Amino acid sequence: MPQRRRSSTNADAESYRVQLAYLLERSPFYREKLGEAEFSDSLSDIAQLPLTEKAELRETVTPERPFGAHLCVEPAEIVRIYSTSGTTGTPSYIPLAASDLDNWITGSARSYAASGVSAGERIVSTYNAGPFVAGAALAAFDRLGLAHIPVGTGNTDRLVKAIELLRPEAVVMTPSYAAYLAERFDLRESSVERVLVAGEPGGGEPVFRAQLEEGWGAKVTEAMGIGDIGVSLWGECEEQDGMHLGAYGFVHPELIDPDTGQALDLDDGATGELVLTHLRHRAAPLLRFRTRDHVEVRTSSCPCGRTGPRIRCIGRTDDMLIVRGVNVFPSAVREVVSSFAPAVSGYIAVKPPTAGVKQEPPLPVSVELAQDATADDGLAEAIRDRLREALLVQTRIELVPWGSLRRSEYKSTLVERAEHPGSRAPA
Ligand SMILES: [Zn+2]
């Protein structure tokens with residue numbers, strides 16, 4: 001049976017009070033950050049407290065203190081240490097106490113259960129979890145009673161054989177890899193009924209999702225987490241209208257205006273940066289952590305019965321460009337371009353001509369044509385016009401032949417910078 005989320009709960013408010021007191025008692029980082037001044041410990045006043053940035057945490061890391069100054073437990077209490085691959089080359093370590101790990105798995109299991117997978121079914125996973133937090137998501141499959149078939153990343157032959165011979169009902173992978181496979185193999189007649197996608201935004205883009213569903217002959221739902229807070233915190237149900245918070249009771253979500261840091265109401269249709277607070281974490285709890293994920297909120301009631309706001313990820317701040325004062329997410333560009341299917345393949349590359357975030361219009365965008373399609377000026381013009389209408393950005397569209405943009409067996413790179421060729425590290 002799916003677990004139902006209680007709507008705004010007293011339990012969360014009480015957990016928050018206890019967590020705040022715990023931070024003040026045990027976390028050197030938050031003792032200093034929150035200072036001596038009096039403040040409310042009511043969850044409804046959380047927006048009065050300062051936000052936490054990843055960079056601030058990193059600054060407190062030293063060789064003697066590899067976890068940073070927000071570590072709250074004795075070394076013996078730590079049962080798992082994950083890493084995130086930062087862009088700076090040095091990993092940040094994420095320590096977990098036994099109860100933290102258990103809560104992560106519980107939240108992740110709820111998020112994946114929302115997709116409709118059920119005990120007794122088989123699921124093929126393609127994460128190379130290794131040092132990364134995805135390992136905890138894999139434990140969620142045991143929790144759900146699934147038969148888990150790990151095949152790892154980058155071994156397409158092994159994956160295709162596993163699907164053919166072991167006939168799993170579900171697979172879990174990045175949306176980029178799901179697209180890559182659908183393009184190369186005819187999977188429509190396979191045993192796979194559900195494709196669970198996670199690890200990057202895209203699975204919730206309606207046109208992209210429709211392409212994946214067509215290619216796989218299966219239902220596609222997405223899940224999302226953030227290493228510092230928890231893995232697969234959110235997961236879509238079969239209604240496919242935004243991700244429910246599977247980690248309810250463990251994590252409190254907020255929305256802010258990324259430019260001003262001002263808290264925004266979680267109203268239907270609201271967009272902003274997702275901010276998350278641990279409610280029951282022991283090892284290294286975080287308060288009002290900026291995820292750098294830009295999301296859109298849905299509050300309409302969901303027929304599945306789960307309550308609470310749902311979200312869809314629009315993009316990551318790290319990928320964002322500012323074109324004459326307008327914020328542009330490459331994933332949003334892809335979504336608009338994809339609406340021109342079947343004339344286009346859905347692959348794009350945004351090519352900022354100068355280094356840095358700020359760009360002068362027009363922004364060059366390569367758009368890949370569908371197989372057997374030929375370039376036509378009317379199409380480029382129509383794409384440019386629709387991008388201007390939808391995203392308020394001036395672009396220069398270059399149509400390129402099918403197969404000329406890079407496919408990924410892991411995560412897609414939507415931005416190609418001349419001065420920094422190569423791909424981003426996985427996160
Ligand atoms: Zn639902």
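Remember, it's 1-based here, ligands and their atoms both numbered in the order they're listed. This structure is a prediction, so every number in the text was calculated from the model and none was measured.
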Original post:
Which pair of non-hydrogen atoms, one from K33 and one from T52, has the smallest distance, and what is that distance?
Top reply: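 Nearest heavy atoms, K33 then T52: CE-OG1, 3.8 Å.
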Original post:
Can you check whether R312 reaches P206 side chain to side chain, under 4.5 Å on heavy atoms?
Top reply: yes
Original post:
Under 2.8 Å from the Zn ion (ligand 1), which protein atoms of type N, O or S occur, listed by chain and number?
Top reply: C237 SG, H244 NE2, C302 SG, C304 SG
Original post:
What distance separates L159 CG from S125 OG, expressed to the nearest 0.5 Å?
Top reply: 9.5 Å
Original post:
So, is the end of the R143 side chain (NZ or CZ) under 6.0 Å from the ring centre of W104 and within 45° of the ring's axis?
Top reply: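 Here R143 fails the 6.0 Å and 45° test against W104.
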Subject >> Identified side-chain contact (heavy atoms from CB on, under 4.5 Å) partner of W234 from the options L274, D293, V295 >> reply: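 Of all the options given, the one that passes is L274.
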**OP:** For the pair Y93 (side chain) and P66 (backbone), establish whether a donor and an acceptor sit closer than 3.5 Å, ignoring hydrogens and angles.
**Re:** no
